[in-house]
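Read the structure below first, then the notes.
Note that the structure is a prediction, hence the values are computed from the model and not measured.
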Amino acid sequence: MRRFLILIAPLVLLACSRPPSQSDPADAAPSATAEVAAHTKPRTAAEGDAPAVQAIDVDPLFAAVAAEAELPAGMLNAYVMALLNRDRKAVDAAWTFPPSDARRADDAALRQLTDVRSLRLTSELPIARDGHQPPQLLEVPVQIRAVTAEGTFRFGGWYRVQPSSDGRAWQIQSAQLRPTLD
């Protein structure tokens, strides 16, 4: 018990001590930090707070990849744009294991559309499909509307995404798209 009191005494003394105050604040010269603070604009969290503070803003659902990585919905939008533009390299880069034959791909119905005039992908909040924390497999429900010369086609389903091997981005692991009626 005495040892405990001996350890607490220095803590109490340090906690109660404060720096000496200036005798007259008007006589004191402004410090360099006060001058710098007066000439700079206030920073927001997005402009450069400590990394530990920024890390708090990361949704635990997306913590399996780097904080600056694109969200799964944004990655899927970029993927659909690459499909629309027939950019095979970007399309294959979006997949963990790209399908060798577009006719046998998980989203073959979307890949085989021709003369596409407009394409709209609407995604919902991803659902964790594994027991890991943070989740390593997310299922993103999607609705796709494609307008072609032949008419309007609608698809419903999901894309499953997982972190890339380097952990910097999401990649498509699998997909399931089914035609839907209006």
When rounded to the nearest 0.5 angstrom, what distance separates [atom1] in [X] from [atom2] in [Y]?
| X | Y | atom1 | atom2 | answer |
| --- | --- | --- | --- | --- |
| L121 | L84 | CG | CG | 12.0 Å |
| R154 | Q143 | CZ | CD | 9.0 Å |
| M75 | N77 | CE | CG | 10.0 Å |
| D130 | L138 | CG | CG | 7.5 Å |
| I172 | T96 | CD1 | OG1 | 8.5 Å |
| Q171 | Q173 | CD | CD | 11.0 Å |

Review point. Where do A102 and A108 come nearest, in terms of heavy atoms and distance?
Key: O-CB, 3.4 Å
**Study point:** Taking every non-hydrogen atom, the tightest pair across P99 and A105
**Key:** CG-CB, 3.6 Å
Do [X] and [Y] make a side-chain contact, defined as non-hydrogen atoms from C-beta onward lying under 4.5 Å apart?
| X | Y | result |
| --- | --- | --- |
| L177 | V142 | yes |
| P134 | L61 | no |
| I127 | P141 | yes |
| W95 | D106 | yes |
| S164 | V65 | no |
| F155 | T180 | no |
| T148 | T114 | no |
| P163 | R168 | no |

Check your understanding: With a 3.5 Å cut-off and no angle check, do the side chains of D107 and Y159 form a donor-acceptor pair?
Key -> yes
Exercise for review: May I ask you to decide if D87's main-chain N or O and N85's side chain share a donor-acceptor pair within less than 3.5 Å?
Suggested key: no
Exercise for review: Measure from the side-chain N and O atoms of Q162 to the backbone N and O of W170, and report whether any donor-acceptor pair falls under 3.5 Å.
Suggested key: no
ILVMFWY cluster, [X] and [Y] together (side-chain gap under 4.5 Å):
| X | Y | value |
| --- | --- | --- |
| L83 | V161 | yes |
| L119 | V147 | no |
| F62 | L137 | no |

Point to revise | Flag if over 12 foreign heavy atoms under 6.0 Å of CD, E150 | key: no
